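Data first, discussion second: the structure below is written as structure tokens.
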Amino acid sequence: MNTLPEFRLETYLGKWEFGSRYHMTASDAQSITIRDVLALAGPGAVDRFLDEPLSYTQPYGAQDLREAIAATYDTAAPEDVLCFAGAEEGLYAFYRVLLDASAHAIVVTPNYQSAESLPLSICDVTGVPLEAEHNWTLDIDRVAAAIRPNTRVISVNFPHNPTGKILERDRFDALVDLCRRHGIWLFSDEVYRLIERDPAIRLPQAFDAYERGVSLNVMSKAYGLPGLRIGWIASHDRDLLERMVRYKHYLSICNSGASERLAVAALRGADVILDRTRAIARAGLAKTQAFLSEFPHLFESYVPDGGIVIYPRYKGADGVEAFARRLVEEAGVVVLPPSVYASALTATPTDRFRMGYGRNHIDEGLAAMRAHLLQNYA
Ligand SMILES: Cc1ncc(COP(=O)(O)O)c(C=O)c1O
């Protein structure tokens with residue numbers, strides 16, 4: 001097994017996220033408090049929470065949590081769900097269990113790095129790029145051309161980090177058909193699902209669409225509760241789930257029981273939380289677009305389909321890496337430069353940066369950016 005490379009995005013955020021004034025690249029909505037979550041569970045919920053023992057919990061996840069998660073799918077039973085410490089642990093366990101050196105994987109680029117670094121540490125991987133000139137869509141013919149006799153999984157992520165792209169429904173259906181014809185697993189990272197600019201473009205979950213569809217999701221993004229570290233995988237293949245839970249025995253073993261209680265409350269109160277997230281995303285995107293359009297000589301924008309981040313083009317002569325570095329060092333505003341999305345598999349954009357628009361301090365963050373730009377880039 002090869003050593004995993006540095007996870008550039010997490011290193012960058014680890015360095016800047018907590019020490020800077022404005023985190024203007026967050027991909028999650030502003031979190032609510034433990035008190036707010038418990039308020040969704042009605043009278044007595046705070047006392048019940050405080051009386052919970054801090055014991056180990058079931059490695060698959062508490063039964064009522066798996067029931068609440070299963071209810072988010074059209075066709076899932078609680079037994080189809082395995083919980084993890086965030087989506088990240090699910091990604092790790094999935095690739096480690098499904099792949100071996102004889103396999104081949106296909107992944108989209110650019111990507112949240114574990115989507116390619118994990119399979120690359122195990123087997124051959126082919127990247128298929130999403131490109132701005134093609135409206136960030138996935139070319140299904142290119143995916144088909146990349147398939148080999150030993151291709152075991154195709155890994156996608158819509159709404160996509162960092163572009164916000166949601167694959168068109170006919171292409172998604174074609175992708176499922178392609179996987180089905182070849183008996184290939186479809187691993188679908190759906191962590192930004194339920195944050196769409198229009199519900200009509202929401203994709204089905206891979207679990208519901210395909211018998212070998214594996215859906216990854218988490219409380220972190222649409223629910224805005226990354227601190228819970230509760231993620232999950234839904235799969236029809238109970239043997240795959242069992243192999244992953246045995247892998248999990250070497251990782252977190254089980255979730256935090258306190259987080260499980262809060263996740264159940266949040267999932268049962270999902271309508272309120274999701275309405276709030278979508279309102280934040282709508283307002284934040286409008287402010288961000290207005291801001292970007294103030295500086296047409298510096299930025300070229302577009303409308304993302306979903307999620308809470310955008311990947312606009314930077315046109316300044318200093319280049320986007322220098323722009324992002326100066327912005328954080330001189331103005332205390334963190335955005336992600338494109339080097340954190342560089343891929344070992346394909347070329348990726350080198351002139352874009354990731355902005356997030358889900359945080360409470362968006363007005364102050366944009367004002368700090370504006371002042372920096374007016375002073376240095378007039
Ligand atoms: C596409 C994607 N997948 C997975 C993750 C990991 O999610 P979590 O931090 O909740 O484990 C992220 C986090 O940003 C992500 O963007």
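All ligand and atom numbering here is 1-based and tracks the order in the structure. Computation of the quantities below employed the complete heavy-atom set of this structure, encompassing side-chain atoms and omitting hydrogens, waters and symmetry-equivalent molecules. Since the model is a prediction, treat every value here as computed from it, not as a measurement.
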Could you list the atoms of ligand 1 found under 4.0 angstrom from a heavy atom of [X]?
{"X": "Ala87", "value": "4 (C), 6 (C), 7 (O), 8 (P), 10 (O), 11 (O)"}
{"X": "Val218", "value": "10 (O)"}
{"X": "Gly86", "value": "11 (O)"}
{"X": "Tyr192", "value": "1 (C), 14 (O), 15 (C), 16 (O)"}
{"X": "Asn157", "value": "1 (C)"}

Please work out, at 4.0 Å between heavy atoms, whether the side chain, the backbone, both, or neither of [X] comes within that distance of ligand 1.
{"X": "Met219", "answer": "neither"}
{"X": "Lys221", "answer": "side chain"}
{"X": "Ser220", "answer": "side chain"}

Tell me if the aromatic rings of Tyr341 and Phe353 count as close, with their centers under 6.0 Å from one another.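 They do not qualify: ring centres at least 6.0 Å apart.
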Would you say the rings of Phe187 and Tyr95 are close, in the sense that their centroids are separated by under 6.0 Å? yes
Least distance between heavy atoms, Ile201 atom then Glu196 atom: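 For Ile201 versus Glu196, the nearest heavy atoms are CG1-CB, 4.3 Å.
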If I compare all heavy atoms of Leu91 with all of Ser114, which pair ends up nearest, and what's the gap? CD1-OG, 3.5 Å
Geometric cation-pi criterion Arg326 and Phe323, 6.0 Å radius, 45° cone: no
If we only count heavy atoms from C-beta on, is the Arg313 to Val320 side-chain gap below 4.5 Å? no
Exactly one of Asp305, Asp189, Leu130, Thr163 should register a side chain to side chain contact (heavy atoms under 4.5 Å, CB included) with Phe158. Which one does? Leu130
Sub-4.0 Å heavy-atom approach of His160 to ligand 1: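 Contact absent.
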Residue Leu54 excluded, over 12 heavy atoms near CG under 6.0 Å: no
Where is the nearest protein heavy atom to atom 1 (C) of ligand 1: which residue, which atom, and how far? Asp189 OD2, 3.2 Å
Any N/O of Tyr112 closer than 3.5 Å to an N/O of ligand 1?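 N/O-N/O distance under 3.5 Å: no.
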